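Structure record follows, encoded as structure tokens.
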Amino acid sequence: MIGYRRPFPGFQFLLLLLFRASFLLQLESKCQNGCDLALGSYYVTAGLNLSYITGLFGLTYRDVSPYNPNITDQNYVVAGSRVNVYFPCDCINGDFLGHSFSYVALSGDTYQKVATDYFANLTTAAWLAKFNRYSSTQIPDGATINVTVNCSCGNKSVSHDYGLFETYPLRPGENLSSVAEEFELSSKEDLLQEYNPGVNFSAGKGIVFIPTKDGKTSTIENI
Ligand SMILES: *[C@@H]1O[C@H](CO)[C@@H](O)[C@H](O)[C@H]1NC(C)=O
Ligand SMILES: *[C@@H]1O[C@H](CO)[C@@H](O)[C@H](O)[C@H]1NC(C)=O
Ligand SMILES: *[C@@H]1O[C@H](CO)[C@@H](O)[C@H](O)[C@H]1NC(C)=O
Ligand SMILES: *[C@@H]1O[C@H](CO)[C@@H](O)[C@H](O)[C@H]1NC(C)=O
Ligand SMILES: *[C@@H]1O[C@H](CO)[C@@H](O)[C@H](O)[C@H]1NC(C)=O
Ligand SMILES: *[C@@H]1O[C@H](CO)[C@@H](O)[C@H](O)[C@H]1NC(C)=O
Ligand SMILES: *[C@@H]1O[C@H](CO)[C@@H](O)[C@H](O)[C@H]1NC(C)=O
Ligand SMILES: *[C@@H]1O[C@H](CO)[C@@H](O)[C@H](O)[C@H]1NC(C)=O
């Protein structure tokens, strides 16, 4: 009968190595979980309608209406306003928080056009090029494109008070105080900046993450 023997010399060392490797891998992965819900701020340009906008995100007017208390007529959305859309915020490849939408390309589409025009700068051409195999100028008509939009689930070392975040593309003319005011965070500009370390709110481009208590504004609740 063979007694219990060490499998082979160096086995323990190998185990140790594996353990360390998985530990390092964990340290390297930047997210472990996402969260159920994130909002996106869609800047409306002339000629767009609500069914088109919501459709890009797989939603309908009825879905988004609780997050857009100031839209009273679904057939009328003002150019220059912003529509709140929502989506699950996923941890993608253990690397970053985002959500991937599918977009069916039309003739002449480029990543630039998809990012800036159709998805209203919620993403960028460079970020789209990372998740699609076509070259930007050779996207076949009817091809399904991955449109990845970044999101946030907050940061416990900044604050525990916020559980829902909105991905907000900055526009020229905006700044930290104007964005804070729009979200009734005027007394909390520092917090807004802390959630977006190093971001220049006056840059006129790029996305920021805005903490919101709950997208649904409770206007009727108090009556
Ligand atoms: C909304 O816009 C899309 C795309 O431009 C168009 O196909 C559709 O007919 C429009 N819908 C309404 C209700 O205007
Ligand atoms: C709703 O109100 C907010 C805050 O005033 C504004 O930023 C947004 O553009 C408005 N959205 C619509 C669709 O009117
Ligand atoms: C997106 O950004 C580009 C470049 O800054 C700008 O020209 C365009 O109007 C923006 N689109 C929207 C919908 O805000
Ligand atoms: C999304 O997040 C990743 C990781 O932080 C970053 O590299 C990328 O530039 C972001 N994309 C956009 C469109 O902001
Ligand atoms: C979209 O992403 C999926 C999953 O990562 C991938 O299989 C597919 O090839 C991508 N689509 C394009 C057009 O590259
Ligand atoms: C959370 O905030 C802390 C302190 O500001 C910062 O050091 C850390 O990088 C942030 N974490 C994430 C995932 O953004
Ligand atoms: C921020 O933008 C608002 C609105 O565009 C403007 O009135 C204000 O002067 C700006 N503030 C700063 C500090 O630039
Ligand atoms: C932020 O961006 C604006 C516009 O590009 C620029 O004028 C300003 O100097 C920048 N601020 C900082 C602190 O980099």
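Quantities reported herein were computed from a predicted structural model and do not represent experimental measurements. Numbering of ligands and ligand atoms starts at 1, following listing order.
- Look at Arg171 and you'll find a heavy atom under 4.0 Å from some atom of ligand 3.
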Give the intermediate values and the outcome of salt bridge (Lys or Arg N to Asp or Glu O under 4.0 Å) for residues Glu181 and Lys188.
CA-CA 9 Å; Glu181 194 181 326; Lys188 299 197 168 95; over 6 Å; no
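- Near Thr124, with a cut-off below 4.0 Å to any heavy atom, the atoms of ligand 4 are 13 (C).
- Nearest to atom 2 (O) of ligand 8 among the protein's heavy atoms is Asn200 ND2, 2.3 Å.
- For atom 14 (O) of ligand 8, the nearest protein heavy atom lies under 4.0 Å away.
- Here's the thing with Thr123: none of its N/O atoms is less than 3.5 angstrom from an N/O atom of ligand 4.
- Taking the six-membered ring where the residue is Trp, Trp127 and Phe96 present perpendicular rings, their angle passing 60° and hence far from 30°.
- From the protein, the heavy atom lying nearest to atom 1 (C) of ligand 4 is Asn150 ND2, 1.4 Å.
- Remark: Arg82 is not positioned above the aromatic ring of Tyr42, lacking an NZ or CZ atom under 6.0 angstrom from the ring centre and at most 45 degrees off the axis.
- Considering Phe183, Phe209, Phe201 in turn, Phe183 is the only one that fulfils the side-chain contact (heavy atoms from CB on, under 4.5 Å) rule with Tyr168.
- Distances shorter than 4.0 angstrom occur between a heavy atom of Ser202 and an atom of ligand 8.
- Atom 4 (C) of ligand 3 has Asn121 ND2, 4.7 Å as its closest protein atom, hydrogens excluded (heavy atom only).
- In terms of hydrophobic clustering, with Ile, Leu, Val, Met, Phe, Trp and Tyr side chains grouped at heavy-atom distances under 4.5 Å, Leu50 and Phe101 are assigned to a common cluster.
- In this view, Ser187 satisfies the side chain to side chain donor-acceptor pair (under 3.5 Å) rule with no residue, not counting sequence neighbours.
- By the criterion of side-chain heavy atoms lying less than 4.5 angstrom apart, applied directly or through intervening Ile, Leu, Val, Met, Phe, Trp or Tyr residues, Tyr52 is grouped together with Val64 in one hydrophobic cluster.
- Taking a cut-off of under 4.0 Å to the non-hydrogen atoms of Ala120, the atoms of ligand 3 that pass are 13 (C).
- For atom 9 (O) of ligand 4, the closest non-hydrogen atom on the protein side is Trp127 CE3, 4.3 Å.
- Residue Ile207 has at least one heavy-atom neighbour below 4.0 Å for each of these atoms of ligand 4: 14 (O).
- Each of Tyr111, Tyr134, Tyr103 was checked for a side-chain contact (heavy atoms from CB on, under 4.5 Å) with Leu128, and the lone residue meeting it is Tyr111.
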